[in-house]
There are 4 protein chains.
Amino acid sequence: MRDKTEQIIKAALDVFIKKGFQVATTQEIAKEAEVAEITLYRKFSTKQNLFITAVKTVIEKQFNSHVKKLAKAENTEEFLSGIIYNRLEVLSKNASLVKMLLSESLMGNLAEEINLSTLIFSSLKNGLDIHFDMLNKNVDTAFIARQLGGIFLSFIILPIEQPFHELDESGKEEVVKKYVKSLVIE
Amino acid sequence: MRDKTEQIIKAALDVFIKKGFQVATTQEIAKEAEVAEITLYRKFSTKQNLFITAVKTVIEKQFNSHVKKLAKAENTEEFLSGIIYNRLEVLSKNASLVKMLLSESLMGNLAEEINLSTLIFSSLKNGLDIHFDMLNKNVDTAFIARQLGGIFLSFIILPIEQPFHELDESGKEEVVKKYVKSLVIE
Amino acid sequence: MRDKTEQIIKAALDVFIKKGFQVATTQEIAKEAEVAEITLYRKFSTKQNLFITAVKTVIEKQFNSHVKKLAKAENTEEFLSGIIYNRLEVLSKNASLVKMLLSESLMGNLAEEINLSTLIFSSLKNGLDIHFDMLNKNVDTAFIARQLGGIFLSFIILPIEQPFHELDESGKEEVVKKYVKSLVIE
Amino acid sequence: MRDKTEQIIKAALDVFIKKGFQVATTQEIAKEAEVAEITLYRKFSTKQNLFITAVKTVIEKQFNSHVKKLAKAENTEEFLSGIIYNRLEVLSKNASLVKMLLSESLMGNLAEEINLSTLIFSSLKNGLDIHFDMLNKNVDTAFIARQLGGIFLSFIILPIEQPFHELDESGKEEVVKKYVKSLVIE
DNA sequence: CATGAATGAGCCTTCATTCAT
DNA sequence: AATGAATGAAGGCTCATTCAT
């Protein structure tokens, strides 16, 4: 049955997010999944692999970036608004997971394929390159990508009154507008 | 002897920075400090406490913020340049430690007193409040503090070609200028 | 199908010979036999039993002793040459299996029916008794059986330049002659 | 205290001899040594290493070969009697250990330094070479070493009525004499 | 003040075996 | 007859922490 596999992945995410990779134990995951510990191993062979599989599942489902699609907008401001809005929404909704991944990534425990900070930065840079190439504009995209990255990180890491995705629509728009204005594009 | 205590703190920092709190072992620290394991406990009673003590030592020595002093500058731009320059310099120089602390902080393993992200954010907000109060200007300091925080985080977390503190003077100034310009102060 | 059963026995022998009883796993055997693990159990009910069955199959096929037939030779020297030649040939050809069985036997893990050292010793003693009874000679057959056993064991266990069965005919005969000469029959 | 270390080694030998390396568990050893399991690991770092250390201890104490000393005897028969007598005595006294080592060795689980069969064979060959060199006799020492090896192995492996070391002095001498006579030295 | 020696608890992983299909 | 999926039990190994000296 697909069922148990999904139970395990779900439980694994729960526990990994709550405790991080090192501190989480396969025992706890198994218990939370209501499965014998060995079943984890029959299915995922190692804790490491279970972690990667579980995380990739979410990343692919949630973070599948629309940056490239947005990049085709002719209007730069619209494009940037789109990115900021969309990314803040996704990151904000998955805050716990993101924090955990960032945490592991900062200690160098993550393979490239699930290293969020790299993923985010390069997909941003990529989208920006596409956009400004299209417009034949010569812009320091690395710098803007860094600015955008900084904005996102500040929302994840710094103390915050209300998560972005819980703001009402006008609140969100106001925030986004403010940040778009701050991006330095000469 | 003051000596042993310092050896231990030094070794502890080394190991904690390299591995993070959870993964670091008192065994390794003791070995690196060339001290019996129990000596750690006689002096610091617990791993947790050794960690906090060691980290505080560095934070106090290195991060002792000049924000408040800078805040008294009459010229806002000068003030902000000062902050950015100074913080990027310090963070960049202590990148490994900062990454580790951020990592632990993201998993909620850090007491308030050494929680870097909180520390940074509030000291920034604080300085900004003082400055703009002095100028009798009504400004959304939380937003600016968040912007500044984002800038700093982007330098710590995102992939970077050359650490800030290794740039030459004109390089640093250029970066700082660009970021000051990006701060949205209506 | 007879087929699967044979596949399993073959694979089991392979794995048991390579790893010994304890270290071999039913998982590996099943994999090598290209069969589901449970099929082993349906057919042989336990690992132990699979082992015994597989080993017996080979022993019966390969080791079926001609000692008794040889024992009827009138000429003692010819008889002994026959035994030595034949046993060295068989043991040498099945060296891996023999080593494994001996290994298990030494730890007392083997039932009588597949305990090689006992099997060999008693069939030797038996043949010798028959032979010397026939000749009405009173000889210490236990001692000779032990001597013969020692010869065989030395070929299996001690480091050797070339296995007996790979020698050319004259080489083999020379070896056999030497050993026959060494047997103490007063 | 040297005490616990010795307790552990003793218990380890007990258990390893009774069960063999693979089947023996560190848990059982620890229990038998009345020591926490981790203490084994603090002292010997790994099961493997505990095994080697324990075995070496006995081998060095018990098997320390006098072959070389005996080799200097001018009389070949005396020399061979000496070897046979001495080795049968030692092997017989340590039968359990020897069986276990042989068992492991047959499955290729033993490092050179504790591989009994190799050890015995080469020390025999060595002694024989020294002896016959001294006498300026050209003899096939490899063959004799193999014969001797066979004798010893037959005593260890084949079923036996009374262990050599439990025979009375005249019984022992008779056995030894018979075997010496069987050695083929042209 | 400093330490060598010891541990209870727990982790990741594996194995022979069984059940429902 | 054959199997995919699951497990209780156990194994090697490690960790933060504590006595007795």
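Here is the naming used below: chain letters follow the sequence lines, and residue numbers restart at 1 for every chain.
To the nearest 0.5 Å, the span separating CD on A:E6 from OG1 on A:T57 amounts to 9.0 Å. Rounding to the nearest 0.5 Å places CG of D:L153 at 7.0 Å from CD1 of D:I120.
A:L50 has its CG atom 11 Å from the P atom of E:dC12, to the nearest Å. The NZ atom of A:K4 sits 13 Å away from the C1' atom of F:dG4 (whole-angstrom rounding). In this structure, D:E6 atom CD and E:dA5 atom P are separated by 14 Å, rounded to whole Å. In this entry the distance linking CZ of C:F44 with C1' of F:dA2 reads 14 Å, nearest Å. With rounding to whole Å, C:I8 atom CD1 is found 11 Å from F:dA1 atom C1'. Atom C1' of nucleotide F:dA16 and atom CZ of B:R42 are separated by 16 Å, given to the nearest angstrom. We find that CD of C:Q7 is positioned 14 Å from C1' of F:dA1, with the value rounded to whole Å. Remark: P of E:dT14 and OH of A:Y41 are 8 Å apart, rounded to the nearest angstrom.
Among residues at least two apart or in separate chains, side chain to side chain donor-acceptor pair (under 3.5 Å) pairs with a member in residues 15-31 of chain C are C:K19-C:E28, C:T26-C:E37.
Every residue two or more places apart in sequence or in another chain that forms a salt bridge (charged side-chain N to carboxylate O under 4.0 Å, His left out) with D:E113 is listed here: D:K56. For D:K93, the side-chain contact (heavy atoms from CB on, under 4.5 Å) partners two or more places apart in sequence, or in a different chain, are D:E89, D:H165. The side-chain contact (heavy atoms from CB on, under 4.5 Å) check on A:A54 picks up A:I9, A:A12, A:L13, with sequence neighbours excluded.
Checking D:Q48 against B:E37, the closest nucleotide of DNA chain F that is more toward the 5' end is the one next to D:Q48.
Close to E:dA2, at under 4.0 Å from its OP1 or OP2, lies a side-chain N or O of B:K43. When the side-chain nitrogen and oxygen atoms of B:T39 are compared with OP1 and OP2 of E:dA2, none of them lie within a distance under 4.0 Å. Between B:K47 and F:dT18, a side-chain N or O to OP1/OP2 separation shorter than 4.0 Å is absent.
In this structure, a donor-acceptor pair under 3.5 Å is absent between the side chains of D:N94 and D:S96.
Judged purely by atom type and a 3.5 angstrom limit, B:N115 has no side-chain atom pairing as donor or acceptor with the backbone of B:S105.
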Item to check | Dot-bracket encoding of pairs in DNA chain E, which uses [ ] for pseudoknotted crossings and | for another strand, Watson-Crick or G-U under 3.5 angstrom | outcome: .||||||||||||||||||||
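Enclosure of atom NZ in C:K47 by more than 12 non-hydrogen atoms of other residues, nucleotides or ligands within 6.0 angstrom is indicated.
Distances were taken from every side-chain heavy atom of B:I38 (C-beta onward) to each of E:dT3, F:dT7, E:dT17; the shortest belongs to E:dT3.
Contacts with DNA chain E (heavy atom under 4.0 Å) in residues 24-36 of chain A: A:A24, A:T25, A:T26, A:Q27, listed by number.
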